[in-house]
Amino acid sequence: MNYNLGYACINMALSYPEKGKERITTNRSMIKRTFQEKGLPYASTLTLQNAKDLLQILQWNEQHGIKFYRMSSDLIPWASEYDIKDLPDFEAIEEALYEAGLYAAEHNMRITTHPGPFNKLTSPKEDVIKRTIRDLEVHGEIFDLMCLPRTHFAKINIHVGATYNDRRMALDNFCKNFERLPESVRSRLTVENDDKASLYSTKELYDEVFTRIGVPIVFDYHHHKFCTGDQSESEAVHLAASTWGDIRPVVHYSESRADEHNDASIRPQAHSDSYVNPIDFHGLDLDVMLEAKHKEIALFKMRELLKNNLTMAA
DNA sequence: ATAGGTCAAGCGAGG
DNA sequence: CCTCGCTTGACCTAT
């Protein structure tokens with residue numbers, strides 16, 4: 001079985017270092033008021049630091065055998081509000097991003113991203129669509145600056161995520177607005193099954209999105225429990241995997257926080273800190289994005305679980 | 001230095 | 001009608 005385990009955005013060891021050591025993070029940001037006061041020069045300063053730290057995170061990953069990483073969407077604060085090329089430090093930023101992308105390529109790393117829930121290609125409101133296209137375009141541009149491939153290897157993953165009590169209309173909008181995206185995004189976009197029964201299951205994404213516009217499906221194990229589309233986990237993960245062509249499918253894995261803390265008051269969709277069960281690959285080659293709060297620490301735990309699992313099977 | 005309140009965006013769910 | 005949660009906590013002010 002071939003697979004990579006990855007984690008999202010934050011490296012605990014680098015982000016919360018021991019005293020005296022410098023914090024390494026790609027998530028420096030600012031609130032709106034500060035952006036209005038300080039404008040592009042400060043955005044540029046934060047971006048350059050974030051972009052330089054990205055390489056450090058990738059190097060840390062390499063040292064720890066981690067080949068799969070989800071980039072933060074906060075790398076360039078307020079990027080949708082201006083042209084990145086207008087940042088005073090653009091050349092240095094471009095260089096830092098290129099270096100990070102080159103490092104990833106040289107070490108066979110897979111880099112992906114997951115823009116926020118505000119991105120709604122389904123919306124009947126044109127201004128929502130315009131903002132969504134702009135935000136996705138920024139993600140595509142950053143990946144281009146890193147020279148990441150324009151394939152689903154470097155996926156940009158979003159949810160379909162809304163129905164407006166008219167799923168036909170919503171799905172039609174999604175497919176129609178997909179065509180309005182720049183090639184840097186269209187070539188990389190994937191969709192993920194939702195975590196609410198009223199939204200979109202893997203099966204529905206397959207029937208209504210993949211078959212129409214060919215966008216592959218990221219299967220989320222935890223979300224599937226809340227929106228099965230009348231499929232078993234095995235059926236759904238196989239269906240999702242069939243949408244990826246030559247590219248190894250990505251899946252998301254997390255466990256229930258409510259179970260982990262034995263606390264029924266925690267919403268069942270919430271993600272655990274770490275893991276107690278090894279992921280079931282259902283016989284597939286998959287790249288697994290681990291969505292646990294403890295990040296790379298949880299990844300190491302999953303490694304152990306899989307190793308023990310293998311030992312027991314042998 | 002640390003704690004606590006606050007923070008762009010779109011939705012749906014729950015109170 | 002309001003708040004929370006979601007990709008992913010981080011920023012900012014008061015103490």
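Proteins get letters first, then strands, A, B, ... in listed order; numbering begins at 1 in each. These numbers come from the heavy atoms of this one structure, side chains and all, not from hydrogens, waters or symmetry mates.
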Check: [X] ring centroid to [Y] ring centroid under 6.0 Å:
X: A/His223; Y: A/Phe219; value: no
X: A/Tyr103; Y: A/His107; value: yes
X: A/Phe35; Y: A/Tyr42; value: no

Give me the distance, rounded to whole Å, that separates [N] from [M] when you measure between the [atom1] atoms they each carry.
N: B/dA8; M: C/dC1; atom1: P; result: 24 Å
N: C/dC6; M: B/dT2; atom1: C1'; result: 28 Å
N: B/dA9; M: C/dT3; atom1: P; result: 14 Å
N: C/dA10; M: B/dG10; atom1: P; result: 23 Å
N: C/dG9; M: C/dG5; atom1: P; result: 12 Å
N: C/dT7; M: B/dA3; atom1: C1'; result: 26 Å

Starting the side chain at C-beta, find the nucleotide from [options] nearest to [X].
X: A/Pro124; options: C/dT7, B/dC11, C/dT13; value: B/dC11
X: A/Lys125; options: B/dA9, B/dC11, B/dC7; value: B/dC11
X: A/Glu81; options: B/dA8, C/dT7, C/dC12; value: B/dA8
X: A/Val128; options: B/dG12, B/dC11, C/dT7; value: B/dC11
X: A/Thr34; options: C/dA10, C/dC12, C/dT8; value: C/dC12
X: A/Met30; options: C/dC11, C/dA10, C/dC6; value: C/dC11
X: A/Leu199; options: C/dT7, B/dC7, B/dG12; value: B/dG12
X: A/Trp78; options: B/dA8, B/dG12, C/dA10; value: B/dA8
X: A/Ser123; options: C/dA10, C/dC12, B/dC11; value: B/dC11
X: A/Asp135; options: B/dA9, C/dA10, B/dG10; value: B/dA9

**Request:** Under a 3.5 Å limit for both distances, which nucleotide forms a Watson-Crick or G-U wobble pair with B/dG4, could you say?
**Result:**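 Pairing partner, where one exists within any strand: C/dC12.
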
**Request:** Hunt down the Watson-Crick or G-U wobble partner of C/dT7, both distances under 3.5 Å, from any strand shown, or write none.
**Result:**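 Partner of C/dT7: none.
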
Euclidean distance, atom [atom1] of residue [X] to atom [atom2] of [N] [Å, nearest integer]:
X: A/Leu46; N: C/dC12; atom1: CG; atom2: C1'; result: 13 Å
X: A/Phe174; N: B/dC11; atom1: CZ; atom2: P; result: 14 Å
X: A/Arg267; N: C/dT3; atom1: CZ; atom2: P; result: 18 Å
X: A/His252; N: C/dC6; atom1: NE2; atom2: P; result: 15 Å
X: A/Glu137; N: B/dA9; atom1: CD; atom2: P; result: 21 Å
X: A/Lys293; N: C/dG9; atom1: NZ; atom2: C1'; result: 9 Å
X: A/His114; N: B/dA9; atom1: NE2; atom2: P; result: 20 Å
X: A/Tyr200; N: B/dC11; atom1: OH; atom2: P; result: 12 Å

**Prompt:** Any ion pair linking A/Glu141 and A/Lys85 (charged N to carboxylate O, less than 4.0 Å)?
**Reply:**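 So A/Lys85 pairs with A/Glu141 through a salt bridge.
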
By the 4.0 Å heavy-atom rule, please label [X] as base, sugar-phosphate, or nothing.
X: A/Thr122; answer: nothing
X: A/Pro115; answer: nothing
X: A/His223; answer: sugar-phosphate
X: A/Tyr16; answer: sugar-phosphate
X: A/Phe35; answer: nothing
X: A/Arg134; answer: nothing

**Request:** Sorted by first residue and then second, give each side-chain hydrogen bond (donor to acceptor under 3.5 Å, both in side chains) pair with at least one member in residues 198-214 of chain A; sequence neighbours left out.
**Result:**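 Listed once each, the pairs are A/Arg167-A/Glu204, A/Arg168-A/Glu208, A/Asp172-A/Arg212, A/Lys203-A/Asp207.
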
Please determine whether a side-chain nitrogen or oxygen atom of [X] lies at a distance below 4.0 Å from atom OP1 or OP2 of [N].
X: A/Arg33; N: C/dC12; answer: no
X: A/Thr163; N: B/dG12; answer: yes
X: A/His159; N: C/dC6; answer: no

**Message:** Check for me: is A/Phe118 stacked on B/dG10 by the 5.5 Å centroid and 30° plane-angle rule?
**Reply:**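 A/Phe118 ring does not meet the centre or angle cut-off for B/dG10; no stack.
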
**Prompt:** Name the one of A/Glu192, A/Glu291, A/His252, A/Arg70 that satisfies side chain to side chain donor-acceptor pair (under 3.5 Å) with A/His114?
**Reply:**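 Considering A/Glu192, A/Glu291, A/His252, A/Arg70, a side chain to side chain donor-acceptor pair (under 3.5 Å) with A/His114 is found only for A/Glu192.
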
**Asked** What pair of heavy atoms forms the shortest contact from A/Ala162 to A/Lys120, and how long is it?
**Response**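 Scanning both residues, the minimum pair turns out to be CB-CE, 3.9 Å.
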
**Asked** Has the side chain of A/Ser73 got a donor or acceptor atom sitting under 3.5 Å from an opposite partner on the base of C/dT8?
**Response**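 Side chain to base: pair present.
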
**Request:** Please confirm whether any donor atom in the side chain of A/Ser80 sits under 3.5 Å from an acceptor in the base of B/dA8, or the reverse.
**Result:**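 Such a pair is found, so the answer is yes.
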
**Asked** How long is the gap from CD1 on A/Ile111 to CG on A/Leu58, to the nearest 0.5 Å?
**Response**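 Here the rounded value is 4.5 Å.
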
**Request:** Between A/Ala8 and A/Arg28, just flag the one whose closest nucleotide in DNA chain C comes earlier from the 5' side.
**Result:**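 Final value for this comparison: A/Ala8.
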
